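Following: one structure in structure tokens, then a few remarks.
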Amino acid sequence: DNLSAGTLILVSAVRFSVAYFSKSKRWMWFFILTAIFTFYYTYKQPLNFLPFFGSVTASIASFQSHDKHLRIGMMVGTSIWIVHNAFAGSPAAVFLEVFFLISNFIGYWRYYIRQLPPLIGTKPTNA
């Protein structure tokens, strides 16, 4: 039974939409509380703890004002979802989350490890 995970994914979709427009900690707490209530009312088995923790981690990450903290938190939350999806026996969901994790890591690497300037809107350095 994946009612808990499915419901938390729906909450996540709304959370991402809200976080795009606002970084308010009030919204963060709203989505954390929503995850707690969702978990409480849909809990069926110990496996449900993983999507709950993944959702709470992603909620905290989504409302960070600094992109670096957002990316790190999302990588942690996504890793938790990968473990859940593997135990739940959903290879498509594992693939989707691994793709998201790799994409997030590439962005993190480009901007915080390698520190290249953005490609759009930059001028050549020897101009």
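Computed from a predicted structure; not experimentally measured.
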Would you indicate whether the side-chain heavy atoms of [Y] and [X] approach each other to under 4.5 Å?
X	Y	result
F100	M74	yes
S59	R15	yes
H84	F49	no
V11	T38	yes

Looking only at the side chains, is there a donor atom on one of Y108 and D67 sitting less than 3.5 Å from an acceptor on the other?
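Their side chains do not contain a donor-acceptor pair, so the 3.5 Å distance test is not met.
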Ignoring hydrogens and geometry, is there a side-chain-to-backbone donor-acceptor pair from [X] to [Y] under 3.5 Å?
X	Y	answer
S17	A13	yes
S22	V18	no
N85	I82	no
K23	M28	no
K68	Y112	no

In the single-linkage hydrophobic clustering (I, L, V, M, F, W, Y; side-chain heavy atoms under 4.5 Å), do [X] and [Y] co-cluster?
X	Y	value
F39	I60	yes
V56	W81	yes
I9	L33	yes
F52	F63	yes
V94	F53	no

Apart from F21 itself, what residues make up its hydrophobic cluster when side-chain heavy atoms of I, L, V, M, F, W and Y under 4.5 Å apart count as a link, directly or indirectly?
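Besides F21, the hydrophobic cluster comprises Y20, listed by chain and residue number.
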Under a single-linkage rule joining Ile, Leu, Val, Met, Phe, Trp and Tyr whose side-chain heavy atoms are separated by less than 4.5 Å, which residues share a cluster with L10?
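L10 shares its hydrophobic cluster with no other residue.
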Can you name the nearest heavy-atom pair linking S55 to L8, along with the distance?
OG-CD2, 3.9 Å
Nearest heavy-atom pair of G107 and R71: which atoms, and what distance?
CA-NH1, 3.5 Å
Atom CZ of F99: over 12 foreign heavy atoms under 6.0 Å:
no
Applying ring-ring contact (aromatic ring centres under 6.0 Å, His included), can you list everything that pairs with F87, at least two apart in sequence or on another chain?
none
As an exercise, state the distance from NZ of K25 to CD1 of I32, rounded to the nearest 0.5 Å.
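Going from the NZ atom of K25 to the CD1 atom of I32 covers 9.0 Å.
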